[in-house]
Amino acid sequence: MGSTAIVLPGDIISADQLPNSAKRKIGRGIQQESGSDNFTSTIGGLLEVDFRKKSAYVLTPDARYIPKAGDLVIAQVRQGSADFFHLHINAHSPQAVLPSLAFEGASKKTRPQLKNGDVVYAKVVFAQKGMEIELTCVNPSTGKSEPDGLGKLNGGMIFDISPGLADRLLRKQGVTALEELGSKLQGGFEIAVGRNGKVWVDCPESGVKGIVAVGKCLHEMDEFELTQKEQKKLATKIITELERG
């Protein structure tokens, strides 16, 4: 139901290669040429086309993350003031700002009290080269933190992964090992995935051992290209090691 092809920056992507629909979704790495039905690749990677979902984008598994409006990210507070929090997304991006009122239910009297080192799950609302990135912890159209679970992340641990794996996790594609692990781990686990290559994990019932088990699973999935069968074996292996202590 789809296709993949390697593209380089500047490569022409003909309209015939993409879903033929007014409602198709053209994602990152693809830009339409002015006055033409064709498109151009703006980055190098794998051109992923899904005709069933009517979507197309360029996947760059090992590429440096570049913030884009609409992205979900996990960011750390570096400094705060009455009106804004200043956050770190990654070493390659400008500082991000998060308005203190950009939280569900926040007002001048009830604004969140975040301190240096706190971590938030946020959405990029503005990102332009050379300028500060603006984040929010609410859905701009509803003022709510759901359905993405935006806001301060309490407890748990943060793991670094590649942007490629982050993309797969957010699309819930090829993540059988995590699904298996969640079904076998006592109480399951909570997870938040940032496109900036950060994953927050918490296991309320199994504690630190469970969190480390999920982290190990993420590392193996990121390091090796595992088939669905191999991912199931990985989950079973991790659970067995956890039970042995």
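In this chain, numbering begins with 1 at the start of the sequence shown.
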For residues 191-202, which side-chain donor-acceptor pairs fall under 3.5 Å, sequence neighbours excluded?
residue, atom, partner, partner atom, Å
Arg195, NH1, Asp167, OD1, 2.8
Asn196, OD1, Ile74, N, 3.2
Asn196, ND2, Ile74, O, 2.8
Asn196, ND2, Ile89, O, 3.2
Lys198, NZ, Asp160, OD1, 2.6
Trp200, NE1, Gly155, O, 2.8

Exercise for the section: Go through the side-chain N and O atoms of Thr176 and Lys229 and say whether any donor and acceptor fall under 3.5 Å apart. Expected result: no

Handout entry: Residues Ser55 and Asp50: side-chain donor-acceptor under 3.5 angstrom
Key = no

Exercise for the section: Answer yes or no: is there a donor N or O on one side and an acceptor on the other, between the side chain of Asn90 and the main chain of His92, under 3.5 Å? Expected result: yes

Handout entry: Short side-chain donor-acceptor distance under 3.5 Å, Gln76 and His88
Key = no

Problem - Pairing of Glu179 and Lys172 as salt bridge, 4.0 angstrom limit - result: no

Practice task
Could you tell me whether a side-chain N or O of Gln173 sits under 3.5 Å from a main-chain N or O of Arg168, the two making a donor and an acceptor?
Solution key: no

Handout entry: Ile66, CD1: over 12 other non-hydrogen atoms inside 6.0 angstrom
Key = no

Practice task
Measure from the side-chain N and O atoms of Asn38 to the backbone N and O of Ala15, and report whether any donor-acceptor pair falls under 3.5 Å.
Solution key: yes

Exercise for the section: Report yes or no: does Gln231 contribute a side-chain atom to a donor-acceptor pair with the main-chain N or O of Gly174 at less than 3.5 Å? Expected result: yes

Exercise for the section: Could you tell me whether Lys115 and Asp118 have a side-chain N and a carboxylate O separated by less than 4.0 Å? Expected result: yes

Problem - Any donor-acceptor pair under 3.5 Å from Ser100 side chain to Ala82 backbone - result: yes

Exercise for the section: May I ask you to decide if Ser107's main-chain N or O and Thr110's side chain share a donor-acceptor pair within less than 3.5 Å? Expected result: yes

Practice task
Spell out, as yes or no, whether a donor-acceptor pair under 3.5 Å connects the side chain of Glu230 to the backbone of Thr227.
Solution key: yes

Problem - Cys203 backbone acceptor or donor facing Glu205 side chain under 3.5 Å - result: no

Problem - Electrostatic pair Lys216:Glu220 at N-O distance under 4.0 angstrom - result: no

Problem - Any donor-acceptor N or O pair under 3.5 Å, side chains Asn139, Ser141 - result: yes

